[in-house]
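First the structure, in the form of structure tokens, and then the observations on it.
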Amino acid sequence: MTMTFDFSGKNVFVAGGTSGINFGVAQGFARWGAKVVVASRKQDKVDAAVQGLKDLGAEATGFAFDVRDYEAVAAGLKGAVDFFGGSIDVLISGAAGNFPARLMGMSPNAIKSVVDIDLLGTFHVMRAAHEHLTQPGASVINISAPQAYLPMAYQAHVCAAKAGVDMVTRTLAIEWGGDGIRVNSIVPGPIAGTEGMARLAPTPDILSAVEKSVPLGRLGQTDDIAKAAAMLSSDAGAYISGVVLPVDGGWSQEGATSVMSKAAKFMDKMTGQGS
Ligand code: HXC
Ligand code: NAP
């Protein structure tokens with residue numbers, strides 16, 4: 001059965017939406033009829049993503065900014081609502097950085113770079129977007145990660161930052177509920193063909209072990225995340241707010257912890273960082 005939604009007449013903004021999971025989410029909303037704006041740091045990635053969305057028949061544009069720069073984020077969101085000619089119905093915030101390193105293998109600036117992109121960037125996108133969100137009616141989705149609630153060696157920066165992201169989600173569900181804005185997190189499992197998996201499962205053997213560790217027995221597809229975002233943003237999600245929703249084939253129940261622990265042993269050998 002082909003899953004379909006109707007977002008015609010809706011305006012969707014995807015921060016960090018030019019590759020991987022977030023671009024897959026942008027493509028989903030484009031296919032389902034929305035006007036879509038994507039943003040990330042690199043103009044060439046923005047241009048390619050916008051072309052990809054137009055190829056699906058969507059009205060689309062994009063902006064190049066770094067989520068660590070509040071004024072640039074605010075300018076990009078203002079540009080988006082000018083393009084839309086109206087408010088933002090669906091806001092996806094998913095810009096993130098990740099590299100595997102034990103804490104003692106990270107400089108203070110390395111820690112700061114990930115916390116600033118993932119957590120401070122989420123604060124910036126939320127704060128700058130609020131005045132542009134459809135009130136009542138907007139759906140806000142932060143893209144989190146299993147690291148938010150599962151400790152993993154080589155991931156202290158991401159674990160802390162994404163835990164923070166989910167608490168931003170849950171707090172804004174309270175603060176913005178009165179404006180008629182729903183705020184949720186989606187926690188993707190291991191998604192095939194993405195930068196995140198290339199960094200955390202860097203060999204075919206580790207990737208195969210990850211796949212086997214998922215109770216549903218397969219890696220996720222970006223479209224799995226797009227469909228969950230659409231469900232949360234459709235009328236089906238009208239009473240859902242403050243939820244941290246794993247979309248992971250059951251991975252975070254058990255498999256994520258055991259397989260990432262094995263991956264950490266491999267990384268110890270590769271990097272010499274093991275204790
Ligand atoms: C230790 C490292 C490092 C590494 C970078 N650094 N890589 N330290 N081990 N492997 C250090 C640098 O030396 C520097 O510190 C500091 O981090 C900042 O590096 P820059 O390259 O100057 O930063 P910047 O250009 O801002 O790039 C940010 C980045 C980069 C996070 C480092 O990798 C990036 O742009 N990533 C975006 C794409 C990405 O990561 N996608 C995957 C998301 S997946 P010093 O002290 O030398 O200045 C995800 C979850 C996946 O989030 C979950 C799967 C289950
Ligand atoms: P990705 O392709 O690297 O996506 C990251 C996006 O964020 C890119 O569009 C990137 O574009 C942008 N970005 C990075 N730093 C930015 C910054 N400082 N300012 C603005 N934009 C920035 O990675 P992915 O693996 O698909 O991950 C996407 C999201 O899913 C992330 O939030 C990640 O934590 C989450 N996640 C991924 C997995 C997985 O299996 N891959 C699992 C769980 C959670 P530019 O380089 O142009 O800036």
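Ligands are counted one by one from 1 in listed order, and the atoms in each one are counted from 1 as well. Source: prediction; values computed, not measured.
Listed by number with element, the atoms of ligand 1 under 4.0 Å from a non-hydrogen atom of G105 are 1 (C).
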Legend entry - side-chain contact (heavy atoms from CB on, under 4.5 Å) assessment of S87 paired with H132: CA-CA 5 Å; S87 56; H132 302 301; 5.7 Å; no
Legend entry - Trace of the side-chain contact (heavy atoms from CB on, under 4.5 Å) decision for D248 with V214: CA-CA 8 Å; D248 68 353; V214 179; over 6 Å; no
Inset, instruction - Would you please test D268 and Y154 for side-chain contact (heavy atoms from CB on, under 4.5 Å) and show each step? - result: CA-CA 9 Å; D268 282 344; Y154 284 84; 2.6 Å; yes
Inset, instruction - Show the numbers, then the answer: is there a side-chain contact (heavy atoms from CB on, under 4.5 Å) between L219 and L207? - result: CA-CA 9 Å; L219 297 175; L207 190 61; 4.0 Å; yes
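Contact residues of ligand 2 (protein heavy atom closer than 4.0 angstrom to a ligand atom; sorted by chain and number): G16, T18, S19, G20, I21, N22, S40, R41, K42, K45, F65, D66, V67, R68, G94, A95, A96, I117, I143, S144, A145, P146, K162, P188, G189, P190, I191, T194, E195, G196, M197.
Nearest protein heavy-atom contact of atom 51 (C) of ligand 1 is N98 ND2, 3.7 Å. From the protein, the heavy atom lying nearest to atom 28 (C) of ligand 1 is I117 CD1, 3.8 Å. Nearest to atom 30 (C) of ligand 1 among the protein's heavy atoms is R199 NH1, 4.1 Å. Closest to atom 41 (N) of ligand 1 among all protein heavy atoms lies E195 CG, 3.6 Å. Among all non-hydrogen protein atoms, the one lying nearest atom 44 (S) of ligand 1 is G196 CA, 3.5 Å. For atom 19 (O) of ligand 1, the closest heavy atom belonging to the protein is S113 OG, 4.7 Å. Summary of contacts: the protein heavy atom closest to atom 16 (C) of ligand 1 is A110 CA, 3.5 Å. Atom 31 (C) of ligand 1 has its closest protein heavy atom at G97 CA, 3.7 Å.
For the residue pair T122 / N142, no side-chain donor-acceptor distance below 3.5 Å is found, with atom types taken as modelled. In this model, no donor atom of one side chain and acceptor atom of the other lie less than 3.5 Å apart for Q51 and D47. Between D205 and T203, the side chains place no donor N or O within less than 3.5 Å of an acceptor N or O (distance only, hydrogens not considered). With 3.5 Å as the limit, one finds no donor-acceptor pair spanning the side chains of S185 and S144. K42 and T18 share no side-chain donor-acceptor pair at under 3.5 Å. In this structure, a donor-acceptor pair under 3.5 Å is present between the side chains of D179 and H130. For the residue pair R127 / Y70, a side-chain donor-acceptor distance below 3.5 Å is found, with atom types taken as modelled.
Pairing each heavy atom of R182 with each of A238, the nearest pair is CD-O, 3.3 Å.
Under the 4.0 angstrom criterion, atom 8 (N) of ligand 1 counts as having a protein heavy-atom contact. Within a 4.0 Å radius of atom 36 (N) of ligand 1, the protein contributes at least one heavy atom. At least one protein heavy atom sits closer than 4.0 Å to atom 53 (C) of ligand 1. The nearest protein heavy atom to atom 22 (O) of ligand 1 is not closer than 4.0 Å.
With a 4.0 Å cut-off on non-hydrogen atoms, R68 touches ligand 1 through its side chain and not its backbone. With a 4.0 Å heavy-atom cut-off, ligand 1 is reached by the side chain of R41 but not by its N, CA, C or O. Contacts between M106 and ligand 1, counted as non-hydrogen atom pairs separated by less than 4.0 Å, are absent for every part of the residue. Counting heavy atoms closer than 4.0 Å to ligand 1, residue L200 contributes side-chain atoms (C-beta onward) but none from N, CA, C or O. When heavy-atom distances to ligand 1 are checked against a 4.0 Å cut-off, A96 comes that close through both its backbone and its side chain. Of all the heavy atoms of S107, the ones lying under 4.0 Å from any atom of ligand 1 belong exclusively to the side chain.
Comparing W251, Y154, F99 against atom 55 (C) of ligand 1, the shortest heavy-atom distance belongs to W251. When the options D118, N109, V210, I111 are ranked by their closest heavy atom to atom 48 (O) of ligand 1, first place goes to N109.
Residue contacts with ligand 1: K162 is placed with no nitrogen or oxygen under 3.5 Å of a nitrogen or oxygen of the ligand (distance criterion only). For the pair Q147 and ligand 1, the shortest N or O to N or O distance does not fall below 3.5 Å.
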Show which side-chain atoms of residues 21-37 pair as donor or acceptor with protein atoms under 3.5 Å away, not counting sequence neighbours.
| residue | atom | partner | partner atom | Å |
| --- | --- | --- | --- | --- |
| N22 | ND2 | G16 | O | 2.8 |
| N22 | ND2 | G94 | O | 3.0 |
| R31 | NH2 | D223 | OD1 | 2.8 |
| K35 | NZ | F84 | O | 3.1 |

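In terms of modelled atom types and a separation under 3.5 Å, the side chain of S234 and the main chain of A236 share a donor-acceptor contact. At least one donor-acceptor pair under 3.5 Å links the side chain of T134 to the backbone N or O of I88.
Looking at F266 and P202, their side chains come closer than 4.5 Å, going by heavy atoms from C-beta outward. Under the 4.5 Å side-chain criterion, counting only non-hydrogen atoms from C-beta, V247 is not in contact with K227.
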